[in-house]
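Numbers for residues simply follow the sequence, beginning at 1.
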Amino acid sequence: MTTAPYVALRPAGAGAPLTPVGREELLNRLERALHTRGRALLTGPAGVGKTELALAEASRAEARGETVLWLATLPSDREIPGASAAALVASVATTVAWPDLGINRPEAACGVFDELPGPQRTAVAMLCREAPLDAGGWDPIALRLGIAQILRTLTSRGPVLLVVDGVQHVDADSADLLRFALHLAPPALRVVAVETPEPYGEAKEPHRPEDPHATHLWVPSEADVLLVPPLHADEIAELLIHHRLPSRMAGRIHRASGGNPRLALAVGRSLADARTPVHHAEALTLSGRARDLARQLLGAAPLAVRETLLLAALALRPSSTLVRRAGRANAEADLAAAERAGLVSLAEDGSVTFTAGLLPSTLVHDACWAERSAGHAALAEVVDDPVEAVRHRALATDSPDEDLAAEVAAAADLARRRGNSALAAELALLAAEATPGRHGTRRIARLVDAAEEAARAARADLAMRAATDLLARDAEPSDRVRARLAVLDTAGQGLTGLDEMYVHAMEDSEGDTALRAAVQLRLAVKYVLADGDPQRSRTAAVESAALAASMGDPRTAAQALTVQARMERALGSPDAEAVLAQARALELAERPLGIRNAAQILTIRHALFDDRLTDARDELNALLPLVQRRGSVEDAIELFSTLAAIESRRGACPAALAHAGQALALTLEAGLSPGPAWYTLALAETAGGSFARAASYARRSIQASEEEGDRVFLSRSRYALGRVQLINGDVAAAQETLRRVQADERAQSTVDPSMLRWHEELAEALLAHDAGDEALAVLDEVRPVAERLGRSTVLLGCDRAYALWLAAEGRTDEAAELLTRTAEAFGRAGLPLERGRALIALARVERRRRRRSAAQSALHAAASVFERAGAAPWLALASETPAGSAAETTGGGSGADEAPAALSTLTEAELRLARLVGQGASNQEAAAKLYLSVKTVEARLTRIYQKLDVRSRAQLATALRR
């Protein structure tokens with residue numbers, strides 16, 4: 001299907017046409033409007049995705065066998081009488097509404113024109129210039145009736161969807177003809193009109209209705225108007241992934257584009273073309289297509305309006321009153337005009353918000369120095385905040401001035417105390433840049449302060465600007481190290497490609513014990529995130545802690561010991577908790593700057609790993625007010641992510657989803673890698689949302705983690721995906737994904753099985769794939785480790801998987817007894833979802849024992865557990881899944897009593913093969929589908945025939961149908 005360059009489509013369901021990203025609900029509303037009213041208008045600004053939505057609806061209609069007519073207009077059509085009507089007739093003549101829609105039904109056109117009476121046929125031919133015009137032109141009445149008859153004839157042979165893309169360009173004559181034809185058309189003709197509102201100041205056609213959402217093809221009351229809104233930040237991230245663009249910048253790209261898909265992709269491609277490292281791209285210095293699109297949008301406003309908008313762009317908190325006081329006497333009128341043009345939105349208090357962040361940056365970018373200086377000078381006189389006034393005065397001059405620099409530095413301190421870290425970082429850099437060259441030492445000191453302030457604000461662009469300026473000067477090694485560390489601290493998860501920065505920091509820290517401790521601490525983080533080497537990370541952390549302790553630096557020592565404790569836990573060392581206790585003791589003496597890498601939060605995460613969930617939640621909730629009041633964005637993200645993981649595990653599903661959503665929103669807003677937040681959402685959605693959304697978030701997290709080179713979250717994200725694939729019954733995919741997790745964890749030397757519980761999931765996937773020996777080997781490998789480390793709930797997960805192995809071996813009595821004990825133990829441990837999962841597995845085993853009442857009782861108990869927890873997808877499994885479905889391969893079936901008793905004797909693997917063969921698959925096809933050898937298929941099929949007492953494929957299919 002041909003689409004505009006920025007459309008991204010995704011499957012709406014099995015065998016369904018594709019749906020634009022973020023538009024599934026809107027597309028369903030469009031379908032309902034067409035079903036009930038037969039007419040719908042899609043409206044919204046240019047680039048928001050109206051055409052893509054219409055294309056998706058046309059695709060659905062085409063899939064239903066309907067005829068689709070696509071009329072795409074051009075701006076020049078408005079000046080040519082009858083142009084649009086002629087194009088519609090031409091499309092009917094060829095029965096191709098859009099070249100790539102795949103519609104080619106000559107029979108639909110056969111007779112359409114031949115059946116027209118002579119005058120109507122002549123008038124239509126004149127319209128299309130297939131017959132010479134008479135002196136008086138075409139007969140308007142005959143032409144009206146002719147076009148109406150054409151549409152009636154088409155609809156008499158089946159439903160027809162007419163899409164008019166660019167209805168604002170339809171000429172007056174065509175509008176009159178189409179309005180008449182549509183008024184007489186039968187209900188089988190449904191119409192979608194796509195409208196982009198006229199730019200500011202463009203003349204209206206005399207015939208155009210005053211209603212802003214009227215198409216002049218019908219009166220407004222005849223159709224539903226659907227406003228196509230901008231995409232949310234999360235949807236922009238998905239759009240970027242579809243177009244193979246880095247998703248890390250999704251939040252900032254969303255702000256820059258205002259959620260406009262076309263503008264968002266232009267911004268993303270501008271960054272990609274510039275090859276700007278994503279961790280340095282927060283300033284979004286753009287050129288090319290992105291700037292051109294912004295200029296086109298701004299060009300809809302007259303020069304006077306753009307001049308007013310420039311003042312608003314220069315202000316930190318623009319309002320109509322502020323802009324008027326700064327010298328624009330017509331500010332209210334100009335801003336109202338800009339709002340009509342879709343450039344800004346105005347609140348009741350007069351505050352001004354640009355609809356896309358690229359608009360103010362383009363205004364400032366395209367203004368000359370004199371215009372920017374005059375604007376800042378005017379604003380400095382009228383703002384009511386001394387910090388903002390100092391900022392404007394600094395930006396109004398390019399002459400270094402020590403008095404001004406000192407004033408700006410003081411303003412930066414004040415902004416920091418207010419908690420506005422972003423403004424403090426900007427002002428700190430302005431203070432450094434305003435320092436005269438003769439004060440070289442002072443300028444370097446201020447550049448170091450600016451870099452470190454930018455690191456606290458997570459502003460990688462400002463940190464890099466400060467570091468670049470400093471490194472070009474004759475700075476002391478210690479200053480160079482501090483600047484480089486600030487840049488590293490803003491890189492987040494994306495530490496790959498920064499090796500040179502680490503090398504220079506190590507070299508410059510030679511002889512400075514305190515700085516060497518700080519560098520080793522950053523290396524410890526890099527070794528585990530980017531290199532996947534926890535042993536090397538532990539070594540660096542140990543060295544950092546020792547160096548810091550020798551210098552009497554408890555804060556750095558505590559951070560290093562925290563990293564060491566994290567690595568000790570991963571490596572299965574019994575010293576992990578003792579090291580963590582040392583770190584906590586140091587933190588009590590020296591309060592850490594944040595919680596993200598603090599021993600306190602690691603203590604909470606250890607409680608989470610150990611399933612001491614109440615303790616973990618209570619301690620984390622105690623931190624919440626402090627973080628919300630004084631913590632950094634990254635601290636808040638860490639807190640909400642950990643809370644979401646805790647609530648997911650303890651079965652508080654609505655709370656888990658809420659916390660995970662908050663973590664994602666903060667992540668995108670800060671411009672950090674969304675990989676960790678998407679992983680957290682995948683866990684929360686698996687618990688209480690939707691398995692489909694969980695898989696989607698897990699896949700996004702995998703891609704984001706691969707972009708960042710983050711091995712830790714890459715492994716976690718694959719685990720989340722493999723788990724939901726297993727629950728959904730996609731056993732082959734689950735096995736492949738979980739094997740990759742196994743390889744990842746072994747490559748990273750991870751020993752502790754409580755941090756990522758992939759062993760039990762992989763064992764179940766192997767069992768469902770008839771690889772019982774390998775499944776047992778996985779369980780035998782993890783059990784001794786879990787017992788040595790005292791990971792009791794890990795052992796319970798192994799028991800559940802082992803019970804399924806017992807059932808596969810025919811030892812169903814033992815399996816049922818073990819699952820009953822396991823479900824009770826999960827309940828005592830405060831893990832309701834795990835208890836419910838064990839009960840579903842128990843129901844399946846009871847069915848195989850032909851104890852239907854016991855199976856139903858177990859299912860009802862599971863459903864009750866899931867209902868109390870708000871675990872919607874699990875409740876659906878327990879309540880709705882028919883017996884023997886794919887979900888049953890993981891213990892997720894419902895236990896429908898009407899299943900034939902003989903089928904309950906089949907193993908999951910046998911049941912899948914039986915279904916494939918019963919549906920007509922050959923042995924070779926079944927082997928390829930199930931990743932088995934043909935000999936294995938033949939042997940398994942023999943056992944199935946014996947168990948079901950059938951002798952042919954036909955009898956097998958009959959048994960399955962019964």
Taking [X] for the side chain and [Y] for the main chain, is one N or O donor matched with an acceptor at less than 3.5 Å?
| X | Y | answer |
| --- | --- | --- |
| T667 | A663 | yes |
| T737 | G722 | no |
| D610 | R612 | no |
| S696 | A692 | no |
| S690 | R693 | yes |
| T539 | Q535 | yes |
| T686 | A682 | yes |
| R699 | Y697 | no |
| E235 | H232 | yes |
| T603 | A599 | yes |

Nearest 0.5 Å, please: how far is [atom2] in [Y] from [atom1] in [X]?
| X | Y | atom1 | atom2 | answer |
| --- | --- | --- | --- | --- |
| R418 | D413 | CZ | CG | 12.0 Å |
| H606 | D615 | NE2 | CG | 14.5 Å |
| L521 | K526 | CG | NZ | 14.0 Å |
| T822 | L795 | OG1 | CG | 10.5 Å |
| E543 | Q520 | CD | CD | 4.0 Å |
| R569 | L580 | CZ | CG | 9.5 Å |

[X] side chain near [Y] side chain, heavy-atom distance below 4.5 Å:
| X | Y | result |
| --- | --- | --- |
| D533 | V528 | no |
| L623 | I604 | yes |
| L831 | L613 | yes |
| L427 | L414 | no |
| T556 | L547 | no |
| Q742 | L738 | no |
| I702 | L721 | yes |
| I646 | R605 | no |

Test side-chain contact (heavy atoms from CB on, under 4.5 Å) applied to L571 and S749, step by step: CA-CA 7 Å; L571 293 168; S749 305; 4.0 Å; yes
Salt bridge (Lys or Arg N to Asp or Glu O under 4.0 Å), that's the test. Do E426 and R459 meet it? Break it down for me. CA-CA 9 Å; E426 180 189 0; R459 284 294 303 270; over 6 Å; no
Minimal non-hydrogen separation, [X] against [Y], with atom names:
| X | Y | result |
| --- | --- | --- |
| A541 | A524 | N-CB, 3.8 Å |
| G836 | A862 | O-CB, 3.7 Å |
| V724 | A694 | CG2-CB, 4.1 Å |
| L586 | A557 | CD1-CB, 3.8 Å |
| L666 | A636 | CD1-CB, 3.8 Å |
| A872 | G689 | CB-O, 4.2 Å |

Apply the test side-chain contact (heavy atoms from CB on, under 4.5 Å) to residues I253 and I236: give CA-CA distance (whole Å), side-chain angles for both, the deciding distance (0.1 Å), then the verdict. CA-CA 8 Å; I253 290 175; I236 289 292; 4.2 Å; yes
Check ion pair [X]-[Y] (N to O, under 4.0 angstrom):
| X | Y | answer |
| --- | --- | --- |
| R835 | E824 | no |
| D489 | R522 | yes |
| R711 | D531 | no |
| D234 | R700 | yes |

When you look at E685 and L657, which way does the side-chain contact (heavy atoms from CB on, under 4.5 Å) test go after all the steps? CA-CA 7 Å; E685 287 286 349; L657 286 167; 3.7 Å; yes
Show your reasoning for whether side-chain contact (heavy atoms from CB on, under 4.5 Å) applies to H254 and L231. CA-CA 8 Å; H254 177 261; L231 296 177; 5.5 Å; no
Looking only at side-chain N and O atoms, does [Y] offer a donor or acceptor that is under 3.5 Å from a partner on [X]?
| X | Y | value |
| --- | --- | --- |
| S421 | R416 | no |
| T562 | R566 | no |
| T793 | R757 | yes |
| S573 | E568 | yes |
| S715 | Q748 | no |
| S701 | R718 | no |

Between R791 and E760, does the salt bridge (Lys or Arg N to Asp or Glu O under 4.0 Å) criterion hold? Intermediate values first, please. CA-CA 13 Å; R791 310 298 186 233; E760 61 199 68; over 6 Å; no
Under 6.0 Å from the ring centre and within 45 degrees of the ring axis: does the NZ or CZ of R716 meet both conditions for the six-membered ring of Y719? no
Q662 CD: over 12 foreign heavy atoms closer than 6.0 Å: yes
How about CZ on R740, more than 12 heavy atoms from neighbouring residues, nucleotides or ligands closer than 6.0 Å, or not? no
Check against salt bridge (Lys or Arg N to Asp or Glu O under 4.0 Å), R252 and D461: CA-CA 12 Å; R252 296 188 185 274; D461 57 318; over 6 Å; no
Students often mix this up, so state it plainly: with edges at 30° and 60°, are the rings of F691 and W874 parallel, tilted or perpendicular? perpendicular
